[in-house]
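What follows is a single structure, written as structure tokens, with notes after it.
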2 protein chains.
Amino acid sequence: MKERQERILGEIVSLYLETGQPVGSRLLAERCGLGLSPASIRNVMAELERQGYLHSPHTSAGRVPTDSGLRYFVDALMVVDADMRRAVERILARDLSDETSKRALLRRASDELARLTHCAGVVWVQEPHFSKVRRLELLPLSASKVLAVIVGEGNQVQNRLLDRPEHVTDAQLERISRRLNALLCDCSLAEVRRRLRAEILSDRLRVRRLLEGLKRWSEAPTEEDDHLLVSGQRQLFERPELAMIETVRSLMAAFEEKEQLLELVRQVERHDNGVKVFIGSEHALVNMEQVSVVLSRYEGPERVCGTLGVIGPRRMHYARVLPIVDCTARMVSRMLGGKID
Amino acid sequence: MKERQERILGEIVSLYLETGQPVGSRLLAERCGLGLSPASIRNVMAELERQGYLHSPHTSAGRVPTDSGLRYFVDALMVVDADMRRAVERILARDLSDETSKRALLRRASDELARLTHCAGVVWVQEPHFSKVRRLELLPLSASKVLAVIVGEGNQVQNRLLDRPEHVTDAQLERISRRLNALLCDCSLAEVRRRLRAEILSDRLRVRRLLEGLKRWSEAPTEEDDHLLVSGQRQLFERPELAMIETVRSLMAAFEEKEQLLELVRQVERHDNGVKVFIGSEHALVNMEQVSVVLSRYEGPERVCGTLGVIGPRRMHYARVLPIVDCTARMVSRMLGGKID
DNA sequence: ATTGGCACTCGTTTGTCACAAGTGCCAAAA
DNA sequence: TTTTGGCACTTGTGACAAACGAGTGCCAAT
């Protein structure tokens, strides 16, 4: 693309992002540094429209950038503010550091994303699924209850409260615990299920109900946890271009069903170094052509990882939002190191 | 109130709940069983308006019930369908029974409330706060990590991953664990903090960092968990009378900040036997005069309890919604018995 | 006490008109 | 060859008026 065109496209996008109004040739002639007349600008605009970067809502309105236009802007024309990065880093270092658990940290990150960008913040937690049992312990709690503590690879911990078999002393329970630990240690979940079934059949340990409780756990080990944290949805509806009931419905549907969002979020892979942007119809979310999504990958130790970012209006301050999302992802990755769960 | 008036008020409310439109005297004369002319009906309506049960949007519209009108209807005129109750009970018995954890059960209850009533379902979990340590166990996991399992009154379980002190064998750890268990058992959290501080100062156990980890836990023991589960918000925006951007904003604000909702939900006490209804301006939610809230209390064993119900349009099918909420609360209470976690 | 009739009110819809904003194109200028 | 001024044309917007419909209040008659 010629430099003149780039210059004008950039100016149109900037103005549009700022005002939300279609931009006309007269206004542009005044603001665009180049000393060109409206008529010349019109020629360039017509050409840009032919190439698909601009679009006229109707004859007597100005031009609005298309998704391609915004894409070109984000990829090639936009300048991110370097001071911005540092400021965001400072804020996040302050606000995220005192959260102690992984869960709280991520929730807070989501809140910060929403606060800083005035969009909805999303954090997807890719829970490492419980694949192997590394440790199993039975703790007698009372006359009727036993607590099973099960530790997986990567130190995931799961608790199950089981009925205590009758007439079994603490010492006996401890022996059973040791036995089970030996039996199930370093087994995959499938193997755990198999061995428990065998054990239940043979019934050597005389604790059938307890084993059945464990088996039930092994069949559905992961708590149906909310893996997608969303903050600040309401800010979306403040934006006039999203404040239509139709859009609101689509957004709420996306947030509640989560399927579509998860699909999108999973597209952001490790090797996408840095931030990935989906502008308007570039993502597959239905009825959300007015929405953009900015995502980045984060990774902590012990296979803890996921994707975070924001969902906002297509008319979004990309030069601000991109570094914020990028920074947050890096910061979260760094901070996950010391967090427990 | 005279029977004639009640009859007509009931008919107006029913029609209004059905259609959402102001109801006029002609339509009412046709539908109302009594063989009265529109003019007579108008007299009664004028009287009901004077008493505050009805309201005219403007001169040439029909009448719409006020909050008091709906209140009178709910308290005195409405007939709940008995078959309804049984049907709901059957559905819930089927759909809720296979959830295994408390968390999953409550989430599912919220979903069911939303599905059955076409409103937003809410479940508030009044987490019994971790007040006393009943059991503490340290499990060596690897060369560098120790898992602390802390059990409270009412069998709440908390896990903390701590750094393992160096040069401490498993056997030594077990001794330490036993010692700590003896030291902290049956202590309130404040007491736990005090004793840990003393222990850290004296440093008899030579495991300062481990104790500090525990102390940090005791200072912020409860995971900042989402205590308010909300489902099916989007259904609210399908209702035409809530499908205005202003209402949407208020609703989203209420759902996100939760403060207002929690305040409301806390008003429903045990002794309110059955369901409590807040119609329009009866609740203090700002900008939500078009919204009603129906809540009921549930209680499980071991101090597990809370409030559940629905948030929906003021124009809600109360005769359907009330029994649904009531049933759900009872069913959840009953089912919490066997659930773990 | 009830009812038919009638004047009155008020929101909604439809149509017309003028206006503003911005374009495309062409011929003249640089 | 590129740029520019001018002009005709298109189209959304807002204001205003008229017609319409739904429903009320009131009064006199039953």
Side-chain angles (χ1 to χ4, degrees), chain A residues 1-9 11-16 18-66 69 240-241 243-244 290, chain B residues 1-9 11-16 18-66 69 240-241 243-244 290:
Chain A
M1 196 188 289
K2 294 218 202 76
E3 202 207 313
R4 166 95 136 275
Q5 291 179 318
E6 279 194 344
R7 181 84 179 264
I8 287 181
L9 176 59
E11 211 65 42
I12 291 177
V13 172
S14 297
L15 267 166
Y16 171 71
E18 203 177 299
T19 66
Q21 301 302 317
V23 352
S25 53
R26 182 162 51 240
L27 178 63
L28 199 53
E30 285 161 17
R31 252 196 68 147
C32 176
L34 286 160
L36 288 177
S37 76
S40 312
I41 300 225
R42 279 206 286 276
N43 289 332
V44 181
M45 283 164 103
E47 177 58 22
L48 284 169
E49 179 158 18
R50 215 164 306 123
Q51 295 178 276
Y53 297 114
L54 296 180
H55 164 77
S56 307
H58 56 86
T59 336
S60 77
R63 297 314 208 290
V64 163
T66 60
E241 68 263 39
M244 293 158 311
Q290 287 306 313
Chain B
M1 195 187 289
K2 295 214 202 79
E3 202 207 313
R4 165 96 135 274
Q5 290 180 318
E6 280 194 344
R7 180 83 181 264
I8 288 183
L9 177 58
E11 210 65 42
I12 291 178
V13 172
S14 297
L15 268 165
Y16 171 71
E18 204 177 299
T19 65
Q21 299 303 317
V23 352
S25 54
R26 183 164 48 243
L27 178 63
L28 198 54
E30 284 162 18
R31 252 198 67 148
C32 175
L34 285 161
L36 289 176
S37 76
S40 312
I41 300 224
R42 280 205 285 276
N43 290 330
V44 180
M45 283 164 102
E47 177 57 22
L48 285 170
E49 179 159 17
R50 215 166 306 124
Q51 295 178 275
Y53 297 115
L54 295 181
H55 163 78
S56 307
H58 57 87
T59 337
S60 78
R63 299 310 210 294
V64 163
T66 60
E241 68 263 40
M244 294 158 311
Q290 288 306 313

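The figures that follow rest on heavy atoms only: side chains count, while hydrogens, waters and symmetry mates do not. Every chain is numbered from 1, with letters handed out A, B, ... down the list of sequences. All values reported here derive from a predicted model rather than from experimental measurement.
- In this structure, the CZ atom of A/Arg4 is 12 Å from the C1' atom of D/dT1, given to the nearest Å.
- Considering only side-chain N and O atoms, A/Ser40 lies nowhere under 4.0 angstrom from the phosphate OP1 or OP2 of D/dT3.
- Nearest-nucleotide mapping onto DNA chain C: of A/Ala39 and A/Pro22, the residue sitting toward the 5' end is A/Pro22.
- One interatomic measurement links the two molecules: NE2 of B/His55 to P of D/dG23, which rounds to 16 Å at whole-angstrom precision.
- Distances shown here put a side-chain N or O of B/Ser25 below 4.0 Å from the OP1 or OP2 atom of D/dT24.
- With hydrogens and angles left out, the side chain of B/Thr59 and the base of C/dC10 share no donor-acceptor pair within 3.5 Å.
- A sub-4.0 Å separation between OP1 or OP2 of C/dA21 and a side-chain N or O of A/Arg26 is absent.
- Counting only heavy atoms from C-beta on, B/Ser60 has its side chain closest to D/dG23 among D/dG25, D/dG23, D/dT10.
- Atom CE of A/Met45 and atom P of C/dC25 are 15 Å apart (whole Å).
- Between B/Arg31 and B/Glu18 there is a salt bridge, since a side-chain N of the basic residue sits under 4.0 Å from a carboxylate O of the acidic one.
- Atom pair A/Ile41:CD1 and C/dT23:P shows a separation of 10 Å (rounding to whole Å applied).
- Taking atom CZ of B/Arg63 as the reference point, atom P of D/dG25 lies 4 Å away to the nearest angstrom.
- Of the possible polar contacts, one joining the A/Thr66 side chain to the A/Gly52 backbone as a donor-acceptor pair under 3.5 Å is found.
- Residues A/Leu54 and A/Ile12 come closest through the heavy atom pair CD1-CD1, 3.6 Å.
- Atom pair B/Ile8:CD1 and C/dT2:C1' shows a separation of 13 Å (rounding to whole Å applied).
- Per the geometry, CZ belonging to A/Arg42 stands 10 Å off C1' belonging to D/dT4, to the nearest Å.
- Residues A/Gln51 and A/Gln5 come closest through the heavy atom pair OE1-NE2, 3.4 Å.
- Contact between A/Ala29 and A/Leu36 at its shortest, heavy atoms only, is CB-O, 3.5 Å.
- Taking atom CD of residue B/Glu47 and atom P of nucleotide D/dT24, one finds them 16 Å apart after rounding to whole Å.
- Listed nucleotides D/dG25, D/dG12, C/dG24 differ in distance to A/His58; the shortest reach to its side chain belongs to D/dG12.
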